[in-house]
Amino acid sequence: MSKDFQIRWLMSLVLLLLATGAIAQQRHDAKEVKSETAPLLSIDDSQRFSYFYLEAIRQENIGNYAAAFDLLHHCLEINPTSAETYFNLSTYYNELREDSMALHCMEQAAILSPSNNTYLERLGHTLIKVDDYERATKVYERLAEISPTRTDVLGILSQLYQLDYNYDGMLRVIDKLELLEGPSEDIALSRMQIYAKQGKKKEELKVLKEMSRQFPNDLNYRVMMGNWLLQNGKKKEALAEYNHVLRKEPDNIMALMSLLDYYKEVGNDKQVKEITERVLLSNNSETSDKISLLHQIIMDSENEGGDSTEVLSIFAKMLDVPQPDADIAEICATYMELKHMPQEEINAAWERVLSIAPDNDNVRIKLLQAIWDTKDYDRVISQCKPALEYNPENLAFYYFMGLALYQKGEVDETLEVFKKGIDRIDSNSNASLASDFYEITGDLLHQKGLDKEAFEAYDNCLNWNPNNVGCLNNYAYYLSERGERLAEAEQMSYRTVKAEPNNSTYLDTYAWILFMQGRYEEAKLYIDQAVRNNTNNDNVITEHAGDIYSFCNETEKAVEYWQEALDKGNDHKELLKKKIKQKQYIAK
């Protein structure tokens, strides 16, 4: 522990005690305004002091701090040996960040009332605040004498001794704590740490032996003694301690882990492997210990060439038990990903995790993403159903299931799933995902001819994400098809073109809205860009180009575009034939 850390810890401890009331300021009523060491005042001065002191307290209580501050100074003029007045003034100087004056007032209060714990504690705190640890130590020593049963005071005193490397003082504090609280592991370990800093190895070992004697049924103390012996080069004695414990408790994990360290140190790889497997397969082992060992095994394997056979064998043994650990199963699947094993084997590993912990939504999403790539939409749906039972608040499962249903052509079922997802959206939902839900719902409603409901969904979509360009484009285009709110539609469409200037679909939508507004030359500029970027050979763009060119008095070019759209297999075959025959635009 660094000295800076010790100081910060000490300050935190003192402030905590202040905050919790252990060293809270004592409020004095009218009967308590006389200092212990104050000289006798005349009756007149005594009455004057009491009046002004109580008035200062009253002014403070109603928030008139400046007036209270002045009145306290007046109290000192009447009675310069008033400890309570100095104490109250120290608080004001603390607030004013005048540390020297705060310290002076606290010193005076403590001198004038030497048996007042509150004054002594505030003085000690102030001295710590100004880094005067030597004087703070003396104050807390005095407090410990006055209140020998206060463990909080002893704790701060121990920290002050530690800052001064006063190990004998720390040991005295530990002795007092042990008398108050009785023997404990924490106290024993603290005493050992001090002996270690003093280089007193015999005393360290003596503490461990004493703990083992006092608690003979707690074999972990024997393990701790073995660890100390191993760290100090006494390997044989350490091994004897570990074996002693394991003869009595063969599944003592603390002893096994220590024995594992022992065999690593002596270089016995065979025993390291055996003990490692023993710990990994033990029901007494903590999952955290198992995971730590697995990470080491994987790291060693990778350093030795990365053969996964042995590692996977260990995972298989750990998971081939009546109640396998979901965390271990997840690490196994992750390791298989690391080793780039066949995806279907990895998927089976994720499914094994879910068989143990079906509510693990993160694993379920990983599995769904992998299955989605295979386009096995029935399997996606079968995974989403239990996911929605265990994690009905997770929008991702509605999203996967809805899209899978849509891929199967089940529009009504898709719409139902997305509506259920929308019902789960709240203020804590991911804005982008919520926006996508409303966008897709709007598209589905439009597909079913429910434009009013579709437009409401689009409005909600844009409330969640005003920059959802997919929604902006579709909303604008469908409005233009109906010839409604064209100015608003143009603004929405223009934002998509600004966002993605080479997107042929967005360029086409914008050109078409300009066309619907009668702005034919402007429409021609944008439809030309749409045609140039029409890498997907969208015949709707080609048909629109013909429509726009016809209104720009370029009939031959218009007919070429219409014919091209017809050749591509446009849905409006009969309408296109009429346009070509009559060489003019005909509305749907």
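Start at 1 with the first residue, then count along the sequence.
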> With distance as the sole criterion, is a donor-acceptor pair present between the side chains of Gln231 and Asn227 under 3.5 Å?
Replying inline: no
>> I'd like to know if the side chain of Arg495 and the backbone of Pro466 have a donor-acceptor N/O pair within less than 3.5 Å.
In response: yes
>> How long is the straight-line distance from CG of Asn534 back to CG of Asn503, given to the nearest 0.5 Å?
In response: 10.5 Å
>> A quick test of your reading: do over 12 heavy atoms of other residues, nucleotides or ligands sit less than 6.0 Å from CD of Glu286?
In response: no
>> I need the minimum non-hydrogen distance between Val353 and Ala326, along with the two atoms involved.
In response: CG1-O, 4.2 Å
> Closest heavy-atom contact between Ser285 and Val279?
Replying inline: OG-O, 2.6 Å
>> Using only atom types and a distance under 3.5 Å, with no angle test, would you say the side chain of Ser158 pairs donor to acceptor with the backbone of Gly155?
In response: no
>> Donor-acceptor pair, distance only, cut-off 3.5 Å: does the side chain of Ser313 make one with the backbone of Thr309?
In response: no
> Does Glu310 pair with Lys273 as a salt bridge, N-O distance under 4.0 Å?
Replying inline: yes
>> Quick check: closest heavy atoms across Ile128 and Tyr133, and the distance to 0.1 Å?
In response: O-CE2, 3.9 Å
> Can Lys290 and Asp327 be counted as an ion pair, charged N to O under 4.0 angstrom?
Replying inline: no
>> Using a 6.0 Å cut-off, check whether atom OH of Tyr390 has over 12 heavy atoms from anything other than its own residue.
In response: no
>> Can a donor-acceptor pair be found, under 3.5 Å and without considering hydrogens, that links the side chain of Tyr262 to the backbone of Leu230?
In response: no
> Heavy-atom distance under 4.5 Å between the side chains of Met225 and Arg222, does that happen here?
Replying inline: yes
> Is Phe215 atom CZ crowded by more than 12 heavy atoms from other residues, nucleotides or ligands, each under 6.0 Å away?
Replying inline: yes
>> Under 3.5 Å, is there a donor on one side chain and an acceptor on the other for Asn347 and Gln343?
In response: yes
> Of the non-hydrogen atoms in Ala404 and Val380, which two are nearest, and what is the gap between them?
Replying inline: CB-CG1, 3.8 Å
>> Assess whether a salt bridge exists between Arg191 and Glu178, defined as any Lys/Arg side-chain N lying under 4.0 Å from an Asp/Glu carboxylate O.
In response: yes
>> Can you classify the ring geometry of Tyr458 versus Tyr475 as parallel (below 30°), tilted (30 to 60°) or perpendicular (above 60°)?
In response: tilted
>> Tell me if a side-chain donor or acceptor on Asn391 pairs with a main-chain N or O of Asn394 at a distance below 3.5 Å.
In response: no
>> Walk me through whether Tyr406 and Ile440 qualify under side-chain contact (heavy atoms from CB on, under 4.5 Å).
In response: CA-CA 11 Å; Tyr406 187 77; Ile440 295 171; over 6 Å; no
> Are side-chain heavy atoms of Asp168 and Arg172 found at a separation under 4.5 Å?
Replying inline: yes
> Do side-chain atoms of Asn533 reach the backbone of Gln529 as a donor and acceptor pair under 3.5 angstrom?
Replying inline: yes
>> Is there a side-chain contact between Met254 and Met224 in this structure, where contact means two heavy atoms from C-beta onward sitting under 4.5 Å apart?
In response: yes
> When you measure from the side chain of Thr414 to the backbone N and O of Glu410, does any donor-acceptor pair fall under 3.5 Å?
Replying inline: yes
>> A quick test of your reading: do over 12 heavy atoms of other residues, nucleotides or ligands sit less than 6.0 Å from CD of Gln296?
In response: yes
>> So Asn460 and Phe437, do their side chains get closer than 4.5 Å, heavy atoms only?
In response: no
> Can you check salt bridge (Lys or Arg N to Asp or Glu O under 4.0 Å) on Lys366 and Glu330, steps first, answer last?
Replying inline: CA-CA 11 Å; Lys366 284 185 178 181; Glu330 187 170 350; 5.1 Å; no
>> I'd like to know whether Ile314 forms a side-chain contact (heavy atoms from CB on, under 4.5 Å) with Leu294, so could you lay out the CA-CA distance, the side-chain angles of the two residues, the decisive distance to 0.1 Å, and finally the verdict.
In response: CA-CA 9 Å; Ile314 293 172; Leu294 284 170; 4.2 Å; yes
> Distance-only, no hydrogens or angles: does the Thr126 side chain make a donor-acceptor pair with backbone N or O of Arg122 under 3.5 Å?
Replying inline: yes
> Within the distance-only criterion (no hydrogens, no angle test), does the side chain of Asn463 pair as donor or acceptor with the backbone N or O of Asp459 below 3.5 angstrom?
Replying inline: yes
>> Measuring from atom CD of Glu249 to atom CG of Asn217, what distance do you get when rounded to the nearest 0.5 angstrom?
In response: 9.0 Å
>> Working to the nearest 0.5 angstrom, can you tell me the gap between Leu160 CG and Glu134 CD?
In response: 11.5 Å
> Taking atom types as modelled, is there a side-chain donor on Tyr161 or Glu141 under 3.5 Å from an acceptor on the other?
Replying inline: yes
> Under 3.5 Å, is there a donor-acceptor pair between the Thr509 and Asn473 side chains?
Replying inline: yes
>> Before you tell me yes or no, could you show the steps for Phe418 and Asp436 under side-chain contact (heavy atoms from CB on, under 4.5 Å), namely the whole-Å CA-CA distance, both residues' side-chain angles and the distance that decides it to 0.1 Å?
In response: CA-CA 10 Å; Phe418 271 92; Asp436 287 347; over 6 Å; no
> Just how far is it from atom CG of Asn252 to atom CG of Asn284, taken to the nearest 0.5 Å?
Replying inline: 8.5 Å
>> Run the salt bridge (Lys or Arg N to Asp or Glu O under 4.0 Å) test against Asp307 and tell me which residues pass, sequence neighbours left out.
In response: none
> Under 6.0 Å from the CG atom of Asp426, do we count more than 12 heavy atoms belonging to anything else shown?
Replying inline: yes
> How far apart are the C-alpha atoms of Glu203 and Lys206, what are their side-chain angles, what is the distance that settles it, and do they pass the salt bridge (Lys or Arg N to Asp or Glu O under 4.0 Å) test?
Replying inline: CA-CA 5 Å; Glu203 284 78 357; Lys206 183 179 178 181; over 6 Å; no
>> What I'd like to find out is whether the side chain of Asn166 reaches to under 4.5 Å of the side chain of Thr137, using heavy atoms alone.
In response: no
> Hey, does Leu143 have a side-chain heavy atom less than 4.5 Å from the side chain of Tyr140?
Replying inline: yes
>> Check whether Tyr398 reaches the backbone of Cys384 with its side chain - one donor and one acceptor, N or O, closer than 3.5 Å.
In response: no
>> So, taking the atom named OG in Ser504 and the one named CG in Asn536, what distance separates them when rounded to the nearest 0.5 Å?
In response: 6.0 Å
>> Restricting to non-hydrogen atoms, name the atom on Ile275 and the atom on Leu256 that form the minimum distance, rounded to 0.1 Å.
In response: CG2-O, 3.5 Å
> Would Arg364 and Asn360 count as a side-chain contact (heavy atoms from CB on, under 4.5 Å) if you check the C-alpha gap in whole Å, the side-chain angles of each, and the deciding distance to 0.1 Å?
Replying inline: CA-CA 6 Å; Arg364 183 88 62 178; Asn360 190 325; over 6 Å; no
>> Which residues pass the salt bridge (Lys or Arg N to Asp or Glu O under 4.0 Å) test with Lys420, not counting sequence neighbours?
In response: Glu416
> Roughly how far, to the nearest 0.5 Å, is CG of Leu177 from CG of Leu154?
Replying inline: 5.0 Å
>> Do Gln407 and Trp372 make a side-chain contact, defined as non-hydrogen atoms from C-beta onward lying under 4.5 Å apart?
In response: yes
> Will you find, in the side chains of Gln271 and Asn268, an N or O donor that is under 3.5 Å from an N or O acceptor?
Replying inline: no
> What is the minimum heavy-atom distance between Met336 and Ala349, and which atoms define it?
Replying inline: SD-CB, 3.6 Å
>> A side-chain contact here means heavy atoms from C-beta on lying under 4.5 Å apart; do Asn283 and Val321 qualify?
In response: no
